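A quick write-up on the structure given underneath.
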Amino acid sequence: MPQMVRAAFRAMGTRVRCIAPLGHAAVDPAVERVRATFQREERRFSRFRGDSELSRVNATAGSWTTVSPSFAELVRFALAAWDRTAGRFDPTLLGVMIAAGYDRDFDEIVAGARAELRASSPAGGAGDVRLDGCRLRLPDGVALDLGGVAKGWTVDRATAVAIATGLPWALIDAGGDLRLAGDPPPGGIEIAVEDPEASDTDVGRI
């Protein structure tokens, strides 16, 4: 196994871990840039912040509004995923999530709530969302929840930032959304796969 350094911080309701080569000069600046990336995107996509871009967009449902290029990019990705999965992934289920009790940061939700979030059939209003460049219109009564997909999207950008800082490789793990970028370290990195029904148990290692 390679020698590694680990740095961690909290963002987007989870623990974010940065893993990089031990002793490399770019580690500290890379970690700070990764942290800044998560902070910026949390300000953009958090539904728990009244001043986020997402909250502003949800408040304008029923009319056209201008969004940032990054916001438009993620909405476009989410709508494409909705189409590819025939509605099984739906970024417009915020009302359903709140009704199921997911009205607080995930850290405050009891583990048993997970089963309550399994919808029996597709629902929501993704098919009526309109996106034209950076202009977005949500139907009346429809609100976006991009939290899960935004986290993975941010991990992708954070790993790119870490490599651009000068690291030969970096691994970013945000609550299981994980990406390794750069030239793989000699010997590789062992990653445990958590049992989704028992967080203190691993079902395997890769």
Side-chain angles (χ1 to χ4, degrees), residues 1-2 4-21 27 30-49 52 54 70 73-75 77-78 80-82 84-85 88-91 93-94 96-98 100-119 144-163 167 169-182 184-185 187-206:
M1 291 289 291
M4 299 176 290
V5 62
R6 294 171 173 81
F9 57 89
R10 292 200 65 79
M12 295 187 169
T14 194
R15 183 170 181 251
V16 180
R17 294 192 303 163
C18 309
I19 302 174
V27 167
V31 170
E32 287 310 307
R33 290 187 64 186
V34 167
R35 188 195 308 269
T37 299
F38 271 89
Q39 290 173 340
R40 180 185 68 242
E41 302 310 335
E42 185 168 22
R43 287 193 300 269
R44 192 192 313 275
F45 294 115
S46 174
R47 69 178 177 87
F48 302 110
R49 298 177 56 132
S52 71
L54 179 70
S70 293
E73 178 184 344
L74 188 56
V75 170
F77 175 87
W82 170 83
R84 289 196 307 272
T85 62
R88 289 174 177 82
F89 171 84
D90 193 329
L93 293 181
L94 182 55
V96 174
M97 299 287 281
I98 291 173
Y102 189 25
D103 55 354
R104 293 147 284 160
D105 188 277
F106 190 77
D107 282 350
E108 302 175 41
I109 306 295
V110 294
R114 184 178 301 174
E116 300 299 324
L117 302 180
R118 296 173 181 162
L144 293 171
D145 180 8
L146 299 170
V149 70
K151 184 154 60 74
W153 185 86
T154 302
V155 167
D156 289 346
R157 275 135 195 84
T159 50
V161 162
I163 297 303
L167 290 176
W169 63 267
L171 187 151
I172 309 297
D173 173 14
D177 288 288
L178 182 150
R179 182 159 190 171
L180 172 66
I189 296 174
E190 188 176 78
I191 298 171
V193 181
E194 181 183 289
D195 186 331
E197 302 299 335
S199 61
D200 59 347
T201 303
D202 295 339
V203 294
R205 289 179 176 267
I206 299 172

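Only a predicted model underlies this, so the values are computations on that prediction, with no experimental measurement involved.
At a threshold of 4.5 Å between non-hydrogen side-chain atoms, the residues Phe89 and Val149 count as touching. Residues Val75 and Leu146 form a side-chain contact, since some pair of their non-hydrogen atoms from C-beta on lies under 4.5 Å apart. When side chains are defined from C-beta on, Gln39 does not count as touching Glu42, because their heavy atoms never get closer than 4.5 Å. Contact annotation: the side chain of Ile191 approaches that of Leu171 to within less than 4.5 Å [non-hydrogen atoms, C-beta and beyond]. Side chains of Trp169 and Pro21 form a contact here, defined as non-hydrogen atoms less than 4.5 Å apart. Side-chain contact between Arg179 and Ile172 is absent, with no heavy atoms from C-beta onward closer than 4.5 Å.
At least one donor-acceptor pair under 3.5 Å links the side chain of Arg157 to the backbone N or O of Trp153. In this structure, the side chain of Arg88 engages the main chain of Thr85 through a donor-acceptor pair within 3.5 Å. Between the side chain of Thr37 and the main chain of Ala158, no donor-acceptor pair closer than 3.5 Å is present. Panel note: side chain Thr159, backbone Asp156; a donor-acceptor pair is recorded below 3.5 Å.
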Verify side chain to side chain contact (heavy atoms under 4.5 Å, CB included) between Val27 and Leu167, making sure each step is shown before the conclusion.
-> CA-CA 7 Å; Val27 167; Leu167 290 176; 3.9 Å; yes

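Phe45 and Ser70 get closest at one heavy-atom pair: CZ-O, 4.0 Å. Val34 approaches Cys18 most closely through the heavy-atom pair CG1-SG, 3.6 Å. Residues Ala181 and Ile163 share a closest heavy-atom pair of O-CD1, 3.6 Å. Nearest heavy-atom pair across Val155 and Ala174 is CG2-CB, 3.6 Å. Residues Lys151 and Met12 approach most closely at CA-SD, 3.7 Å, considering heavy atoms. Closest approach of Thr154 to Glu41, counting heavy atoms only: OG1-CB, 3.4 Å.
Here the straight-line distance linking atom CD of Glu190 with atom CZ of Arg205 works out to 4.5 Å at 0.5 Å rounding. Taking CD1 of Ile19 as the reference point, atom CE of Met4 lies at 6.0 Å (rounded to 0.5 Å).
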